[in-house]
Amino acid sequence: MRRTKEKVIEKLLAASGLMTILTTAGILVILIYESSRFFIDVSIWEFLTGTEWTPLFSKKEFGIWPLLSATFLTSLIALLVALPVGLSIAIYLNEYANRNFRKTVKPMLEVLASVPTVVYGFFALTIVTPFLQQFIPGLAGFNSLSPGIVMGIMIIPMISSLSEDALFAVPRTLRDASYGMGATRFQTVFRVLIPSASSGIIVSVILAVSRAIGETMIVAIAAGQQPNFTFNPLVPVETITTYIVQVSLGDVPRDSLEYRTIFAAGMVLFLLTFVMNNISLWLKRKYHRQYE
Amino acid sequence: MNQLIAKNINVWYGDNHALQDVSMIIDPFQVTALIGPSGCGKSTFLRLFNRMNDYIENFRMEGEILINDINIYDPVVNTEELRKKVGMVFQKPNPFPSSIYENVAFGMRIQGMNKKSELDEVVETSLKKAVLWDEVKDSLKKPAFSLSGGQQQRLCIARTLAVEPEVILMDEPASALDPISTSKLENLIFELKKSYTIVIVTHNMQQAGRISDKTAFFYMGKLIEYDTTKRMFLKPAHLQTQNYITGRFG
């Protein structure tokens, strides 16, 4: 009786594991199937090299670059905000702050990550953009600068927390070596700790960028819905994620070519984040080995 | 170069009275060994001379450490400058995750010296002094981690020598090494004492006997006996010293 009970529990646990794998596989299969149907009508070459994206207009163009450029631009701005701030926080917490301060502040920073992204979105649109317009007259109401900055604030905790872990993992003996040679704290941080923790810091950056690339709400609210092949941060753009939202919510007929564009766009997005996450996993494994 | 003088040293870690009224004079250009069972305070005492205990939480001390007639715990003393004069080699080889060359050049670089010709020269002479040059001269760009444990430890000594210290503190430098590497290291220490004052903490009685001129025996935070190594090993004045040296406890 007891043995059968154990068996049943074991099967249930295995089934729930299997379910997540099947769901992921299902999503992937549909993504591949729908986007391959898209590529029957539109050549992959045209899709990957075109700089016009107008599937919803009468003269249809299917070049992904306007969406890609907007995705890269907003993510780059986010990174430019998050990397210096996040890394500074990590260095301060790890090397300068005392233990109690670190224990209190680290969880508080992680609160930043639990703010709903829709809140960040209207914060970008209604507060950051008007504020920036006071200094940058050419800034449009929708633009990539302000959602980029806000997205940067959102990913600060990812960078600071993971980088802090990486700095923390640098062996005490290396700090001793550096201080023992007469290095100052600043020299120890920049010449020994950061180089030693570099792979961990890079992992944090890749994961944060991957998060920014997939981020939807902030850019959908504050960056606009105009597919623009540009790297000018002051004008409205449309990211891949925003485009998918726009089509999903719009009145595009199911099973039309326009409808299938979101699967092709989704496929690109999936590949981008998939590759980045795998690079970070690979690096992580590599740097875990380094000090064993 | 003058003596190193410790005057009435008391050290506490929180409530733990780790060193109790220790006074000692260490002679220049000699090897002085600090021995005693684990937790006796010998490493704490060693680390007083380059102020490495400053990083330990709850560390508190009284007394004076004089090097070249200056109390190094005086607030005006610059600890970075002090550590260039008083180098340290640690228990486990701890090269930086960079090349052999960069490890030795580290001390020069943090002093703002970046001229290649001068760095090259310092790297070469330091590696020669540490008797490592012949083994690594063709692979200076290789990562320091590619060296064996004994080579890494001699690299750490070369790194310390590169900033021209007067004193070298060694905290059980051979404890992670095999017997052959250990004997190479001991020969090196014997060479180095011609130009440097060396203070070494060791667990290994034979090692203390082989390499040191004077030996200090610590027990439970107190300096029990301090004399020439010969006399310490042949005719210790205290029963505790004799028991420890002959391996009856420890």
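Since this is a predicted model, take the numbers as computed values, not measurements. In what follows, chains carry the letters A, B, and so on, assigned in the order in which the sequence lines appear, proteins first and then strands, with residues in each chain numbered from 1. Scope of the values below: all heavy atoms of this structure, side chains included, with no hydrogens, waters or symmetry mates.
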Just wondering, do [Y] and [X] contact through their side chains at under 4.5 Å, heavy atoms?
{"X": "Phe106(B)", "Y": "Val192(A)", "value": "yes"}
{"X": "Arg99(A)", "Y": "Glu57(B)", "value": "yes"}
{"X": "Leu174(A)", "Y": "Pro97(B)", "value": "yes"}

With a sphere of 6.0 Å drawn around [atom1] of [X], does it hold more than 12 non-hydrogen atoms of other residues, nucleotides or ligands?
{"X": "Tyr96(A)", "atom1": "OH", "value": "yes"}
{"X": "Leu18(A)", "atom1": "CG", "value": "yes"}
{"X": "Phe168(A)", "atom1": "CZ", "value": "no"}
{"X": "Glu121(B)", "atom1": "CD", "value": "no"}
{"X": "Met217(A)", "atom1": "CE", "value": "no"}
{"X": "Phe231(A)", "atom1": "CZ", "value": "yes"}
{"X": "Phe190(B)", "atom1": "CZ", "value": "no"}
{"X": "Trp12(B)", "atom1": "CH2", "value": "yes"}

Exercise. Specify which of Lys92(B), Met52(B), Lys84(B), Lys85(B) makes the most heavy-atom pairs with chain A at under 4.5 Å.
Key: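 Heavy-atom pair counts peak at Met52(B).
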
Quiz item: Most heavy-atom pairs under 4.5 angstrom with chain A, which of Asn50(B), Ile110(B), Leu82(B), Val89(B)?
Solution: Ile110(B)

Need one label for [X]: side chain, backbone, both or neither, based on atoms under 4.5 Å from any heavy atom in chain A.
{"X": "Pro95(B)", "result": "backbone"}
{"X": "Phe96(B)", "result": "both"}
{"X": "Glu81(B)", "result": "neither"}
{"X": "Arg51(B)", "result": "neither"}

Quiz item: Heavy-atom distance under 4.5 Å to chain B: side chain of Arg175(A), backbone, both or neither?
Solution: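 Neither part, no heavy atoms under 4.5 Å.
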
Quiz prompt | Spacing of CZ belonging to Arg172(A) relative to CZ belonging to Phe90(B), to within rounding of 0.5 Å | solution =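 Separation between the atoms: 9.0 Å.
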
Quiz item: Between CD of Glu102(B) and CZ of Arg191(A), what distance do you get to the nearest 0.5 Å?
Solution: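 CZ of Arg191(A) is found 9.0 Å from CD of Glu102(B).
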
Quiz item: Where is the tightest heavy-atom contact between Thr173(A) and Asn94(B), given as atom of each residue plus distance?
Solution: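 Closest approach of Thr173(A) to Asn94(B), heavy atoms only: O-ND2, 2.9 Å.
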
Quiz prompt | Heavy-atom pair of closest approach, residues Ala177(A) and Arg159(B) | solution =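 Nearest heavy atoms, Ala177(A) then Arg159(B): CB-NH2, 3.4 Å.
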
